[in-house]
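So the structure is just underneath, and the comments pick up after that.
In the text below, chain A, chain B and the rest are named by the order of the sequence lines, each starting its count at 1.
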There are 2 protein chains.
Amino acid sequence: MSTIRDVSKEAGLSIATVSRALSAPEKVTPESLKKVHDAIELLQYRPNMLSQKFRNKQANAIVILVPDIANLFFAKVISGIESVAQKKGFSVLLGDTRDSKALEKQYINLVETRQADGIIQLRPYSENDSLLPIARVPAVNASGCENTPYPTVRIDNVGAAKEVVKYLISLGHKRIGVITGLQRNPHTIDRLKGYKQALAEANIAFDQSLLAEGDFTLWSGLQASEHFSRMSDIPTALFCMNDEMAIGAMKGLKSKGLRLPQDISITGFDDLDVSRYCDPPLTTVAQPAEKIGERSADLLFQLLDEQQPTQTEYVLPIEFIIRQSTAPPRA
Amino acid sequence: MSTIRDVSKEAGLSIATVSRALSAPEKVTPESLKKVHDAIELLQYRPNMLSQKFRNKQANAIVILVPDIANLFFAKVISGIESVAQKKGFSVLLGDTRDSKALEKQYINLVETRQADGIIQLRPYSENDSLLPIARVPAVNASGCENTPYPTVRIDNVGAAKEVVKYLISLGHKRIGVITGLQRNPHTIDRLKGYKQALAEANIAFDQSLLAEGDFTLWSGLQASEHFSRMSDIPTALFCMNDEMAIGAMKGLKSKGLRLPQDISITGFDDLDVSRYCDPPLTTVAQPAEKIGERSADLLFQLLDEQQPTQTEYVLPIEFIIRQSTAPPRA
DNA sequence: CTGTTAGCGCGTTCAG
DNA sequence: CTGAACGCGCTAACAG
């Protein structure tokens with residue numbers, strides 16, 4: 001493996017000149033430049049970036065902390081981040097934390113040991129995170145919720161949930177069930193807030209028995225749907241906090257002989273690819289996943305460049321998509 | 001940011017001793033060890049891994065080349081790779097190539113410039129890849145097909161397709177349509193081979209008109225299904241080369257009033273989460289995605305350790321899952 | 001067991 | 001415009 005020294009010898013020039021030829025060609029005579037390039041070609045020289053990074057004290061890399069990479073929403077966010085990083089010449093280190101605090105810490109370690117320059121966290125922030133030394137390193141939270149104590153790119157979960165539920169109410173629904181994520185998940189909390197606000201504004205009392213807890217998986221949606229199908233007074237609409245649970249619930253409800261949307265309306269959250277194609281097509285909220293990724297990468301790079309970020313919280317617009325899984329309740 | 005030198009001063013020991021205390025504690029007296037640890041604690045010292053890597057000429061990182069990270073199958077493979085790398089203390093660099101050769105080259109560049117030690121390629125190999133200098137760097141192909149010219153972890157696509165089609169034949173089907181991926185995609189080629197073999201063994205002639213080309217997306221499956229539903233003599237079964245297309249096709253066929261599986265049986269490939277829950281649940285082939293990832297990472301690490309790999313091609317078993325989307329043809 | 005020394009490959013002075 | 005020399009932080013010899 002040839003080094004810059006080999007190139008300098010081959011070209012009959014000094015190391016410094018070769019270095020300059022590479023990083024500031026305009027500071028070198030065309031003749032020297034050519035000699036350098038010829039030598040590089042001949043020796044198949046490739047600069048050792050490990051050395052460069054060491055020298056420049058910059059890893060040119062960012063870490064993405066993702067709770068679960070096999071989740072389409074996260075994958076899309078990552079894709080957005082990646083494309084921005086790519087253009088900036090930065091590498092993206094993948095940190096699949098599997099929801100483990102210990103693993104998360106290990107990945108944060110990467111930037112503390114200069115293997116990466118900053119972090120993008122794709123997990124919603126929750127109170128007891130204060131342990132995490134994320135505050136000490138350049139970090140951005142994407143896909144977060146309200147009240148995240150560091151720079152954030154997110155959607156308005158409260159508002160989105162409210163919009164969905166208001167729509168159901170506008171169709172004439174009054175008994176609206178909800179399948180939540182895990183109780184303490186910040187997304188759950190925010191979306192539940194929106195649900196309650198919509199009810200309140202329509203003077204509908206909140207009914208605890210219309211609430212079933214899931215964990216954002218398809219299976220849990222199916223489970224939760226049983227809670228409702230067993231009720232004597234089945235709700236006429238179901239607000240599910242993500243599409244996977246909605247699809248699970250649809251499956252469960254249909255198996256009980258309920259017709260969608262005539263007997264019961266269903267809404268989701270996320271707009272998965274399949275949601276357009278399930279039966280009936282699902283009314284849902286589309287998050288601009290790629291955009292969230294891009295924006296958070298932009299924000300992180302601002303932080304790294306030590307520019308005063310113009311803004312430290314971005315709330316991106318969602319798109320409420322009405323399909324055929326919702327209809328007025330039966331008279 | 002304190003360095004090892006600061007620690008050595010604080011501890012009243014030499015740099016070398018500090019270094020040893022960190023990498024080979026048993027070579028240092030307990031007293032010295034304590035002094036070092038105290039100093040580290042006091043100064044909040046974190047070793048500069050950039051320097052270590054430079055010194056050791058090892059990036060301790062691998063690159064994953066993935067055509068599209070927002071694809072659940074790939075995401076799972078990545079997850080498997082990641083968990084193995086994690087244990088080995090290696091970082092994973094994400095290379096979302098978006099099917100672009102240029103981007104791919106850029107990522108391969110990462111190992112040529114020592115920013116990574118090896119590569120795992122998640123795209124099936126095809127002939128004209130020979131341009132790529134992958135041969136020059138430690139690389140493993142995961143999710144590949146037959147005849148990949150470098151170490152590979154894969155499933156037997158031909159055999160799997162054959163098993164599916166043989167099953168359909170065993171149910172009594174004779175007119176079996178197929179929705180393929182893009183014609184030149186190696187997966188398409190392998191699976192088509194299996195399809196033809198199964199037909200041949202049952203003495204059923206191959207009929208070109210029963211073949212519709214898709215591109216592995218849901219939408220293309222829906223499109224392709226129209227080709228069949230318009231036929232006067234609709235096939236009694238449809239072998240789809242992945243689940244997404246199968247789900248799209250199911251949607252298309254149902255909209256034409258066909259009943260599944262009574263009027264037409266459908267099979268997929270991949271076993272997505274939703275496939276269990278669609279209506280009817282899809283008969284399909286499950287690939288051991290995580291396992292593929294783990295195994296390919298293991299293989300790459302063998303290569304990096306310059307052990308003679310015991311094996312350079314692993315063919316992992318698939319699981320054929322029979323659900324309710326398949327049934328005997330109507331009499 | 002410990003300390004001294006040299007150098008990894010590169011960028012960056014500072015003279016010429 | 002060019003080259004010699006230094007040092008980034010760390011590890012690996014070697015000598016004590």
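- Distance from the side chain of Pro47(B) is smallest for dC10(D) among the nucleotides dG3(D), dT11(D), dC10(D).
- Heavy-atom nearest nucleotides on DNA chain C were determined for Ser14(B) and for Arg55(B), and the one closer to the 5' end corresponds to Ser14(B).
- Inter-residue side-chain proximity for Ile81(A) and Ile64(A) is flagged as met; some heavy-atom pair is nearer than 4.5 Å.
- Between the CD1 atom of Ile40(A) and the P atom of dC10(C) there is a distance of 10 Å, given to the nearest Å.
- Here dC8(C) presents its P atom at 19 Å from CG of Asn48(B), a figure rounded to the nearest Å.
- We find that CG of Leu22(A) is positioned 16 Å from P of dG9(C), with the value rounded to whole Å.
- A cation-pi arrangement is found for Lys88(B) relative to Phe301(B), the charged atom lying closer than 6.0 Å to the ring centre and inside a 45° cone about the ring normal.
- Taking atom CD of Gln52(B) as the reference point, atom C1' of dC8(D) lies 14 Å away to the nearest angstrom.
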CA sep, side-chain torsions, deciding dist, call: Ile62(A), Ile119(A), side-chain contact (heavy atoms from CB on, under 4.5 Å): CA-CA 6 Å; Ile62(A) 61 178; Ile119(A) 284 191; over 6 Å; no
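- Note: CD1 (Ile15(B)) to P (dA6(C)) measures 14 Å, nearest angstrom.
- OP1 or OP2 of dC10(D) has at least one side-chain nitrogen or oxygen of Tyr45(B) nearer than 4.0 Å.
- One can place CG of Asp6(A) at 9 Å from P of dG9(C), the figure rounded to the nearest angstrom.
- Not one side-chain nitrogen or oxygen of Ser51(B) sits closer than 4.0 Å to the OP1 or OP2 atom of dC10(D).
- More than 12 heavy atoms of other residues, nucleotides or ligands sit less than 6.0 Å from atom CD of Gln58(A).
- The heavy-atom pair separating Leu182(B) from Thr188(B) by the smallest distance is O-OG1, 2.8 Å.
- In this structure, Ser32(B) reaches the dT2(C) phosphate: one of its side-chain N or O atoms is under 4.0 Å from OP1 or OP2.
- In the set dC8(D), dT2(D), dT2(C), dT2(C) carries the atom at the smallest distance from any side-chain atom of Thr29(B).
- Nearest nucleotide to the side chain of Phe54(A), out of dG3(D), dG9(D), dG3(C): dG9(D).
- One finds no side-chain N or O of Ser19(A) lying less than 4.0 angstrom from the OP1 or OP2 phosphate oxygen of dC10(C).
- Between the NZ atom of Lys27(A) and the P atom of dT12(C) there is a distance of 9 Å, rounded to whole Å.
- One can find a donor-acceptor pair under 3.5 Å joining the base of dG3(D) and the side-chain atoms of Arg20(A).
- Residue Glu31(A) is out of contact with every strand shown, counting any heavy-atom pair closer than 4.0 Å.
- For Lys57(B) and dT11(D), the shortest distance from a side-chain N or O to OP1 or OP2 is not below 4.0 Å.
- Residue Gln115(B) contributes atom CD, which lies 13 Å from atom P of dC10(C) at whole-angstrom precision.
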